[in-house]
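I have placed the structure first, in the form of structure tokens, so that the comments after it can refer back to it.
Throughout, residue positions are numbered sequentially from 1 according to the sequence presented. These numbers come from the heavy atoms of this one structure, side chains and all, not from hydrogens, waters or symmetry mates.
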Amino acid sequence: MADVGFLCRDARRRFEPDRTALLRRLHLPGILARLGAAQRLRLSPEGFELAHLKTCAETLFDPGVKVLVFSFHSPSVTPGFTPYVRDQAELRDFLARIEGFLHFFRDTLHGTFATPDQVLAEVARA
């Protein structure tokens with residue numbers, strides 16, 4: 001998860017407007033997102049466009065985050081089981097976002113892929 005926008009630094013917001021009930025009632029988090037000031041993104045094709053995924057990854061890479069976790073719920077690969085993939089057209093879009101992000105991660109960010117066991121082994125060596 002990364003916070004992006006001009007009110008954020010190192011993938012973190014400088015303040016948390018959604019922690020205050022009054023600011024939530026005033027819809028300040030949504031207003032800040034629409035203005036490009038602060039938006040919370042997750043590395044998931046569920047509810048996020050490819051552009052969001054790229055921005056999230058770049059924002060996390062900049063301060064030196066070493067491990068990114070890209071995730072989604074497995075039922076999303078079958079139309080009708082989640083609100084993210086309701087039909088075949090949405091499944092095609094969903095899979096295209098995954099493929100697009102993985103290519104971007106490998107080819108643009110020069111990221112490498114690892115299993116959880118490989119990540120744990122690397123941490124143990126460090």
At their closest point, which heavy atom of L60 faces which heavy atom of P63, and how far apart are they?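 Closest heavy-atom pair between L60 and P63: O-CD, 3.2 Å.
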Closest non-hydrogen atom pair between V85 and S76, with its separation: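 Taking V85 first and S76 second, the nearest heavy atoms are CG2-O, 3.0 Å.
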Can you confirm whether [X] sits close enough to [Y] that some side-chain heavy atom of one is under 4.5 Å from a side-chain heavy atom of the other?
X   : Y    : answer
E58 : F104 : yes
F61 : L68  : yes
Q39 : H52  : yes

What's the spacing between [X] [atom1] and [Y] [atom2] if we round to 0.5 Å?
X   : Y   : atom1 : atom2 : answer
K54 : L43 : NZ    : CG    : 13.0 Å
E49 : D93 : CD    : CG    : 8.0 Å
R40 : L32 : CZ    : CG    : 11.5 Å
L50 : I98 : CG    : CD1   : 11.0 Å

I'd like to know if the side chain of [X] reaches the main chain of [Y], judged simply by a donor and an acceptor atom lying under 3.5 Å from each other, with no hydrogens or angles considered.
X    : Y    : result
S71  : S44  : no
R106 : L102 : no
H103 : G100 : no
E46  : H73  : yes

Is there a chain of hydrophobic side chains (I, L, V, M, F, W, Y, each step under 4.5 Å between heavy atoms) that links L53 to L95? yes
Is it possible for you to say whether L109 and F113 belong to one hydrophobic cluster, with membership spreading through side-chain heavy-atom contacts below 4.5 Å? yes
Checking side chain to side chain contact (heavy atoms under 4.5 Å, CB included) for the pair L41/T59: CA distance, chi angles, key distance, verdict? CA-CA 10 Å; L41 301 177; T59 300; over 6 Å; no
Among F94, Y84, F101, F81, find the one that has a ring pair (Phe, Tyr, Trp, His ring centres under 6.0 Å) with F72.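 The passing option is F94.
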Can you tell me if Q118 has over 12 outside heavy atoms packed within less than 6.0 Å of its CD?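 Atom CD in Q118 is packed in, count exceeds 12.
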